[in-house]
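Both counts, for ligands and for their atoms, begin at 1 and track the order of listing.
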Amino acid sequence: MMQATPFLMVLSLALVAPGFSARKPCTLSGRWVNDLGSNMTIGAVNGKGEFAGSYHTAVTATRNEIQLSPLQGSQHRTNNKGQPTFGFTVNWSFSDSITVFTGQCFVDEDGKEILKTMWLLRSRVDNINDDWKSTRVGINVFTRLPSQK
Ligand code: BTN
């Protein structure tokens with residue numbers, strides 16, 4: 001007859017293993033650069049999953065001079081598998097536009113953190129008849145910049 005203790009050990013491993021990730025967790029805090037060359041800095045994530053930071057875009061849909069702009073966001077905190085989903089809003093300091101980003105923080109096979117995002121850029125239009133052309137959509141991929149010490 002099968003021994004009870006080894007059987008229970010194998011059973012508990014089988015139950016726990018699918019939720020166990022050997023990879024390091026992906027952390028949003030820090031400095032990031034995206035595929036357009038834009039830079040962002042995300043501060044500490046608080047206990048509610050909320051964070052704030054700043055964004056320096058490399059490109060603009062306007063003729064205005066680019067300025068550093070604030071961002072506010074939150075990450076999912078019920079996700080204990082280490083690759084959280086998140087969203088943030090950039091309220092552009094130099095234009096009437098707003099961009100919302102949504103994405104997920106991944107750790108790739110080399111152990112490198114990567115943010116896969118999609119965004120909607122809402123530009124202000126003067127007339128409701130121009131609403132149809134007010135919103136751009138795209139993707140951005142962010143990689144971590146080395147921390148400055
Ligand atoms: C504007 O042009 O009104 C504000 C700047 C918008 C920059 C966009 S947001 C999505 C995309 N990703 C970037 O890093 N920059 C552009």
Side-chain angles (χ1 to χ4, degrees), residues 10-149:
V10 170
L11 181 67
S12 52
L13 257 179
L15 290 173
V16 169
F20 178 76
S21 169
R23 290 202 182 127
K24 66 173 183 179
C26 189
T27 314
L28 287 176
S29 301
R31 296 169 62 235
W32 301 88
V33 60
N34 74 15
D35 49 298
L36 292 170
S38 300
N39 284 257
M40 71 170 171
T41 302
I42 295 181
V45 179
N46 72 18
K48 292 186 200 165
E50 301 160 341
F51 57 84
S54 56
Y55 202 108
H56 191 269
T57 180
V59 296
T60 174
T62 71
R63 289 165 175 264
N64 303 341
E65 188 184 335
I66 291 170
Q67 290 171 25
L68 190 67
S69 301
L71 71 82
Q72 282 190 308
S74 62
Q75 76 164 57
H76 213 292
R77 63 198 167 90
T78 54
N79 180 345
N80 56 7
K81 294 169 195 138
Q83 299 199 108
T85 53
F86 62 87
F88 63 84
T89 301
V90 187
N91 189 335
W92 301 105
S93 303
F94 60 93
S95 77
D96 296 330
S97 312
I98 292 269
T99 302
V100 290
F101 287 82
T102 183
Q104 187 170 351
C105 189
F106 290 104
V107 179
D108 71 13
E109 285 164 0
D110 302 325
K112 270 181 55 192
E113 291 165 303
I114 185 163
L115 308 181
K116 294 276 201 174
T117 70
M118 282 197 77
W119 51 262
L120 290 172
L121 166 59
R122 172 73 193 207
S123 300
R124 186 184 163 282
V125 288
D126 286 331
N127 193 299
I128 195 170
N129 295 326
D130 291 332
D131 183 64
W132 64 271
K133 61 177 178 182
S134 63
T135 308
R136 293 170 171 85
V137 61
I139 59 170
N140 279 141
V141 179
F142 294 81
T143 52
R144 190 180 283 285
L145 284 166
S147 60
Q148 289 170 320
K149 285 192 180 149

>> I need the atoms of ligand 1 closer than 4.0 Å to a non-hydrogen atom of Phe94, numbered in the order shown.
In response: 4 (C), 5 (C)
> Which heavy atom in Pro84 sits nearest to a heavy atom in His76, and how many Å separate them?
Replying inline: CB-O, 3.9 Å
> For ligand 1, which atoms sit closer than 4.0 Å to a heavy atom of Ser97?
Replying inline: 3 (O)
>> Starting from atom 7 (C) of ligand 1, what is the nearest protein heavy atom, named by residue and atom, and what distance separates them?
In response: Thr57 OG1, 3.4 Å
>> Regarding Asn140 and Trp119, do their side chains bring together a donor and an acceptor under 3.5 Å, going by distance alone?
In response: yes
> Considering only heavy atoms of Ser95, which atoms of ligand 1 have at least one such atom less than 4.0 Å away?
Replying inline: 1 (C), 3 (O), 4 (C)
> Is a side-chain N or O of Ser38 found less than 3.5 angstrom from the main chain of Ala58, in a donor-acceptor match?
Replying inline: yes
> Can a donor-acceptor pair be found between the side chains of Thr27 and Ser29 at a distance below 3.5 Å?
Replying inline: no
>> Need the ligand 1 atom indices (1-based, order shown) with element for anything under 4.0 Å from a heavy-atom of Ser38.
In response: 13 (C), 14 (O), 15 (N)
>> As an exercise, identify every atom of ligand 1 less than 4.0 angstrom from a heavy atom of Thr99.
In response: 9 (S)
> So do Thr117 and Thr102 actually touch side chain to side chain, heavy atoms under 4.5 Å?
Replying inline: no
> Do the side-chain N and O atoms of Asn34 and Tyr55 include a donor-acceptor pair separated by under 3.5 angstrom?
Replying inline: yes
>> If you measure every N or O of Asn140 against every N or O of ligand 1, does any of those distances drop under 3.5 Å?
In response: yes
> Please state which protein non-hydrogen atom is closest to atom 16 (C) of ligand 1 and give its distance, to 0.1 Å?
Replying inline: Val59 CG2, 3.7 Å
> Is there at least one pair of N or O atoms, one from Asn34 and one from ligand 1, spaced under 3.5 Å apart?
Replying inline: yes
> Considering only heavy atoms of Tyr55, which atoms of ligand 1 have at least one such atom less than 4.0 Å away?
Replying inline: 12 (N), 13 (C), 14 (O)
>> Closer than 4.0 Å to some heavy atom of Thr60 - which atoms of ligand 1 meet that?
In response: 1 (C), 2 (O)
>> If we set the cut-off at 4.0 Å for heavy atoms, which region of Ala61 has an atom near ligand 1: side chain, backbone, both, or neither?
In response: both
>> Below 30° counts as parallel, above 60° as perpendicular, anything between as tilted: where do the rings of Phe51 and Phe86 land?
In response: perpendicular
>> Under a 4.0 Å threshold between the charged nitrogen and the carboxylate oxygen, would Arg124 count as salt-bridged to Asp126?
In response: yes
